[in-house]
Amino acid sequence: MTTWQGAMTLLRSEGRRSWGGLVFTIVFFTYIAIVMMPLFQDMWEKGAASRFDWLGDFVYLTILPNMAFVMNRSMMHYWSRDTYSRKLAYWRTLPISWDAIVLSRMMQHVVVLTLVAAYFFTVQYAAMSGLRGLLPAGSYVLYALTWYGYAMAASATYVFFEQTLHGKVYCLVCFGYVGVYAAAGIVLWLTDTSLMYASIEAARDHRALWPAVALLAGALATFLVARLLRRRIAKRNLFL
């Protein structure tokens, strides 16, 4: 079995098993889109003077990378059962190479992120008159692509730790990420800076450099994580 064949076999298998989790992920991000409606309304009415721009930054920085993950039982039980390590150990009993395993995981990362992000940003734009007041459709695409690129870059690092660490350590790393996002939110608040509003202004002015840089960063992070993951994953002890 070639690397591509092995990767596609795993991707299809995971897709059949995880469709319910994908639906749950979509439902979750529907909820997030609804919850953020008052925030965009406030930004529409008050612009850069909005009192809640820091909250939008924190939510986007924290939540958007999770678009790349299917919220299924494997995800929920990695602390107690170390499900990712068990899955890797099982896959290595099959005639599938490490290269195929890594390729499959990175493909799943991009596919799930793309599907959920397309849904989330479409629902968000359709549901929020305030957002449509801030950005016409063409400008909103630039805005969405900017944050999609960020989500791809950030979530790729999650994939690296997910596949190279045991469950409890990975959980602690995830909590560490929340601390980093909180610290970033505090710094943005103290410096009176809003990443969300800045990205809205950039999209409104048709500054294509923002989404271009974000997408390049996302693609580069995904590629580098795949290379590093291939080196680290083959050296893992999957039974500790």
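Residue numbers count from 1 along this sequence.
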> In chain order, what residues pass the salt bridge (charged side-chain N to carboxylate O under 4.0 Å, His left out) check against Arg230, with sequence neighbours excluded?
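Checked Arg230 against salt bridge (charged side-chain N to carboxylate O under 4.0 Å, His left out); matches are Asp99.
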> If you compare all heavy atoms of Val225 against all heavy atoms of Phe160, which two are closest, and at what distance to 0.1 Å?
CG1-CB, 3.8 Å
> Quick check: do Arg231 and Lys235 have side-chain heavy atoms less than 4.5 Å from each other?
no
> Report the C-alpha separation of Val141 and Phe121 in whole Å, then their side-chain angles, then the decisive distance to 0.1 Å, and conclude whether the side-chain contact (heavy atoms from CB on, under 4.5 Å) test is met.
CA-CA 9 Å; Val141 171; Phe121 286 110; over 6 Å; no
> Which pair of non-hydrogen atoms, one from Ser139 and one from His206, has the smallest distance, and what is that distance?
OG-CE1, 3.3 Å
> When clusters are formed by joining ILVMFWY residues with side-chain heavy atoms under 4.5 Å apart, either directly or through shared neighbours, do Val35 and Val178 land in the same one?
no
> From the options Tyr60, Tyr150, Trp147, select the one residue that forms a side-chain hydrogen bond (donor to acceptor under 3.5 Å, both in side chains) with Ser199.
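When Tyr60, Tyr150, Trp147 are each tested with Ser199, the side-chain hydrogen bond (donor to acceptor under 3.5 Å, both in side chains) holds only for Trp147.
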> What about Leu11 and Ile96, same hydrophobic cluster or not, with Ile/Leu/Val/Met/Phe/Trp/Tyr joined at side-chain heavy-atom distances under 4.5 Å?
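In one cluster with Leu11: Ile96, no.
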> For the CD1 atom of Ile233 and the CD atom of Gln163, what is their distance to the nearest 0.5 Å?
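That separation rounds to 5.0 Å.
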> Indicate yes or no: at least one non-hydrogen side-chain atom of Leu188 is less than 4.5 angstrom from one of Ser194.
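In short, these two side chains do not touch, never coming nearer than 4.5 Å.
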> Assess the residue pair Thr30 and Tyr119 against the criterion (side chain to side chain donor-acceptor pair (under 3.5 Å)); give the C-alpha distance rounded to whole Å, side-chain angles, the decisive distance to 0.1 Å, and a yes or no.
CA-CA 9 Å; Thr30 303; Tyr119 171 81; 2.6 Å; yes
> With ILVMFWY side chains joined below 4.5 Å, transitively, what does Phe223's cluster contain besides itself?
Leu220, Leu224
> Heavy atoms only: give me the nearest Leu22-Val112 pair and the separation to one decimal.
CD1-CG1, 4.2 Å
> Do the side chains of Glu14 and Arg105 get close enough for a salt bridge, i.e. N-O under 4.0 angstrom?
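No salt bridge links Glu14 with Arg105.
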> Do Phe29 and Val110 share a hydrophobic cluster (ILVMFWY, side-chain heavy atoms under 4.5 Å, transitive)?
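Looking at the clustering, Val110 is in the same group as Phe29.
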> Side-chain contact test, heavy atoms from C-beta onward, threshold under 4.5 Å: evaluate it for Val111 versus Gln108 and give yes or no.
no
> Would you call Thr25 and Phe69 a side-chain contact if the rule is heavy atoms closer than 4.5 Å?
no
> Are the side chain of Ser104 and the backbone of Ile101 linked by a donor-acceptor contact shorter than 3.5 Å?
no
> Measuring from Ile32:CD1 to Thr62:OG1, what's the distance to the nearest 0.5 Å?
10.0 Å
> How long is the span from the CD atom in Gln5 to the CE atom in Met8, to the nearest 0.5 Å?
10.5 Å
> Please tell me whether Tyr181 and Met152 are part of a single hydrophobic cluster in this structure, the criterion being side-chain heavy atoms less than 4.5 Å apart.
yes
> Taking the six-membered ring for Trp, is the centroid-to-centroid distance between Tyr177 and Tyr158 below 6.0 Å?
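Yes, close enough.
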> For Ala100 and Leu10, work out which heavy atoms get closest and say how close.
O-CD1, 4.3 Å
> Are Tyr140 and Tyr125 close enough that their ring centers fall under 6.0 Å?
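Centroid distance Tyr140-Tyr125: below 6.0 Å, so yes.
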> Would you check if His109 and Ser155 make a side-chain contact, meaning some heavy-atom pair closer than 4.5 Å?
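They are in contact (side-chain heavy atoms under 4.5 Å apart), so the answer is yes.
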> Write down the atom of Leu142, the atom of Pro211, and the distance for their closest heavy-atom approach.
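It is O-CB, 3.7 Å.
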> Can you tell me how far apart CH2 (Trp91) and CZ (Arg86) are? Round to the nearest 0.5 Å.
15.0 Å
> How far apart are the closest heavy atoms of Arg232 and Thr164, and which atoms are they?
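For Arg232 and Thr164, the tightest heavy-atom pair comes out as CB-CG2, 3.9 Å.
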> Can you measure from OG1 (Thr222) to CG (Leu229) and round to the nearest 0.5 angstrom?
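Going from OG1 on Thr222 over to CG on Leu229, the span is 11.5 Å.
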> Taking the six-membered ring for Trp, are Tyr31 and Phe28 parallel (under 30°), tilted (30 to 60°) or perpendicular (over 60°)?
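Ring orientation of Tyr31 relative to Phe28: tilted.
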> Would you check if the side chain of Thr191 reaches a backbone N or O of Val187 as a donor-acceptor pair within less than 3.5 Å?
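Flag set: sc Thr191 to bb Val187 pair under 3.5 Å.
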> Kindly work out whether a path of hydrophobic side-chain contacts (I/L/V/M/F/W/Y, heavy atoms less than 4.5 Å apart) joins Ile186 to Ile63.
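Yes: a chain of side-chain contacts under 4.5 Å links Ile186 to Ile63.
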> So, does Asp57 use its side chain to make a donor-acceptor pair with the main chain of Gly185 at under 3.5 Å?
no
> Can you find a heavy atom in the side chain of Thr114 that is under 4.5 Å from one in the side chain of Tyr148?
yes
> For the OG1 atom of Thr93 and the CG atom of Leu88, what is their distance to the nearest 0.5 Å?
11.5 Å
